[in-house]
Structures are given as structure tokens and as C-alpha cells.
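Okay, so here's the structure we're looking at.
Residue numbers start from 1 in every chain, and the chains themselves are labelled A, B, ... in the order their sequence lines are given, proteins ahead of strands.
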Number of protein chains: 2
Amino acid sequence: MADILHRVGIKSSLDDTYKALSTLDGLRAWWTTDTQGESQIGKVIRFRFGSAGFDMKVLELDPAGRVLWQVVEGPDEWIGTKISFDLKKEDDFTIILFRHTGWKEAVEFMHHCSTKWGVFMLSLKSFVETGKGAPFPNDVKIDNWN
Amino acid sequence: MADILHRVGIKSSLDDTYKALSTLDGLRAWWTTDTQGESQIGKVIRFRFGSAGFDMKVLELDPAGRVLWQVVEGPDEWIGTKISFDLKKEDDFTIILFRHTGWKEAVEFMHHCSTKWGVFMLSLKSFVETGKGAPFPNDVKIDNWN
């Protein structure tokens, strides 16, 4: 099993950061503008990037600082993996520890997704700090897989 | 053992990308301006970020598309870990598969380093494509650990 890990610090409140991770409007502002479904425990959120995308079942939603999803539809490598965001205050920052866990193998696609998640964590940081993120389709392109 | 993985695609030749990874001037242009030592097999390159930094022993230097270092001085978590860059042509891109392998544990510092390596891979991409990277001290800051 292999994991993707990231850490960013956001100069904002934990509440505002949590909203960006737990509401559809928040998610649309930094990951993909095409986000549908319901951000409630047991429900599914559908993230689309043109014709491709991911469906996430919401497993945990804790305003004290944790969001956990499980992938229920998407590329084979993603099915069953889990994505978590753990928040805490440190200095003037809300720190996010991001984890995309449960990859069966460290395939080349995982390398791509690792870099891309980093790019989206910076989009999230920018959105919460300035009001402007860079969600799909205006996301930073990193390679020939976009 | 845990690994940091990244994948970026650079719209440039494999040779130019390799130079950015295998020469001191190349490394200074995207990772840290304070880079000293010798980029030769068996020699050590010293990367400094203010008072902190890493010394890397060069284990492989293959113009066909591979650079491998081992960390010989630096933070405890980095000592003994290996950093590799594997290059290949795909479409109009030189693809870099980056790996920082051999972490003993997935500590919080590893989360930070994962995001930071992603930022530096984008600095490398920018440098090779446009001539302008964002090496330390002008690197993108991601959290309270910088």
C-alpha cells in the first residue's frame, strides 16, 4: 500500500478552511467547478473534470477539523482509496495534513496524482486566503496528462 | 518505508532537462541559489536554505535520463534516503518521474517535504521552459515551516 501526503498552512481560521472542504461551494472554488451531490455523511459528492471524475462517499465530517471521503467511482487505481484532510491551528496558520491512502501500487499515475494534489492544495490555500482559487478547468497543468 | 513521488512534464528536450538536474548552475536555477560542491559520481553536492540544508552524494548521473543522489548530511529523517529523477520523452514533453525514497516513517515533516518537492518540480519545469525558476530564497512558501 502506498500513500500520497501533503502539508499546507493557510493564514485563516480553521472554520473558514473547514468550510472550503465541507461545502459544495467551497469545493467548487479550489478543486473543480463541476462539483455536485451532497456533502453529508453517507452521501456522495461527484467531482468532474470534463468527461472524467471521481465519486466520493462522505465518511466523516467533523467541524473540529476532519473530513474523510472514500472513492466509490473513478479510475480503477482510485476505487476504494481514502482521502482525508486533518486541520489544526499552529502559529497564525490553519495547518492541513492531507492524505490519499490505500493505493495498491506506486504506479506512474500515482506520481501524477501526488503532484496534482499538491497543486490543488495550493489552490485551496489561495482560495481561503484571497477568495480566488484555481479549480478545474483553470487549474495549473503539470504534464501531458494535465 | 514510505516514499514521496511526483510527475511533471516539461516542454523541452531531454538534454536541457538533464542539464538542469546534473549541473550546479542548473540546480541553482530551480532548487536553491546556494548550491556548492561537485556534480560528479562519488562526489557531494551541498544544498543550503539559509542555515539548514542537505548534502547529497551523487550515485548515478546518466545523460540518457537518470540522476540518483543519497542524502549524507541533513535532517535526521533525510539521512540515508535516496532522491532520483528518471527522464523519458512522451508526446512533446520530457517526463520526470521524481522519487524521494526510504523514509522510515510518514512523519508530519514528510507531508511538508512532499508538497515542497512538488513546488520545486514546478520551479524546475518553469526554469527549463522559460529560463526562470523560483529557487530558494524566492521559492513558493507553503506553510509555517516554509
Side-chain angles (χ1 to χ4, degrees), chain A residues 1-12 14 17 77 83-126 128-129 134 139-146, chain B residues 1-12 14 17 77 83-126 128-129 134 139-146:
Chain A
M1 299 288 250
D3 303 336
I4 294 171
L5 311 173
H6 287 292
R7 183 186 197 270
V8 291
I10 297 184
K11 283 193 179 165
S12 185
L14 193 146
T17 305
E77 297 93 334
I83 289 156
S84 63
F85 305 84
D86 286 286
L87 314 185
K88 62 179 174 178
K89 287 297 292 182
E90 217 170 276
D91 307 326
D92 295 334
F93 292 86
T94 297
I95 302 294
I96 302 182
L97 294 180
F98 168 91
R99 298 183 185 95
H100 184 174
T101 62
W103 289 74
K104 290 192 188 77
E105 289 181 90
V107 291
E108 190 168 342
F109 184 47
M110 184 178 169
H111 295 63
H112 167 87
C113 294
S114 174
T115 312
K116 201 77 197 190
W117 272 124
V119 162
F120 281 119
M121 287 298 98
L122 294 176
S123 169
L124 167 63
K125 174 176 165 67
S126 174
V128 179
E129 289 180 350
D139 51 326
V140 174
K141 312 303 183 191
I142 61 165
D143 60 21
N144 55 335
W145 295 345
N146 274 330
Chain B
M1 299 288 254
D3 303 335
I4 294 171
L5 310 173
H6 287 291
R7 183 186 197 270
V8 291
I10 297 183
K11 283 194 177 162
S12 185
L14 193 147
T17 305
E77 297 93 335
I83 289 157
S84 63
F85 305 85
D86 286 286
L87 313 185
K88 62 179 174 177
K89 288 297 292 181
E90 216 171 277
D91 308 327
D92 295 334
F93 291 85
T94 297
I95 302 295
I96 301 182
L97 294 179
F98 168 91
R99 299 183 184 95
H100 184 174
T101 61
W103 289 73
K104 291 192 186 79
E105 289 181 272
V107 291
E108 189 168 342
F109 184 47
M110 185 179 168
H111 294 63
H112 167 86
C113 293
S114 174
T115 311
K116 201 75 198 193
W117 272 125
V119 162
F120 282 118
M121 287 298 97
L122 293 177
S123 169
L124 167 63
K125 174 176 165 68
S126 174
V128 178
E129 289 180 350
D139 51 326
V140 174
K141 311 304 183 191
I142 61 166
D143 60 21
N144 55 336
W145 295 346
N146 275 328

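Residues Val128(B) and Thr94(B) fail the side-chain proximity criterion, which asks for heavy atoms closer than 4.5 Å.
In this structure Phe93(B) satisfies the ring-ring contact (aromatic ring centres under 6.0 Å, His included) test with no other residue, sequence neighbours excluded.
Among the candidates Met121(B), Glu108(B), Lys116(B), the residue making the largest number of heavy-atom pairs closer than 4.5 Å to chain A is Glu108(B). For chain B, the option among Asp91(A), Ile95(A), Leu97(A), Ile96(A) with the highest count of heavy-atom pairs below 4.5 Å is Leu97(A).
Both the backbone and the side chain of Ile142(B) come within contact range of chain A, each with at least one heavy atom under 4.5 Å from a heavy atom of that chain. Using a 4.5 Å cut-off between heavy atoms, Lys141(B) contacts chain A through its backbone alone, with no side-chain atom that close. For Phe98(B), the part lying under 4.5 angstrom from a heavy atom of chain A is the backbone only.
The pair Lys125(B)-Asp143(A) does not count as a salt bridge, with every side-chain nitrogen at least 4.0 angstrom from each carboxylate oxygen. Look at Asp86(B) and Arg99(B) and you find a salt bridge, because one of the NZ, NE, NH1 or NH2 atoms lies within 4.0 Å of a carboxylate O, short of that distance.
If you look at Trp117(B) and His6(B), their ring centroids are not closer than 6.0 Å.
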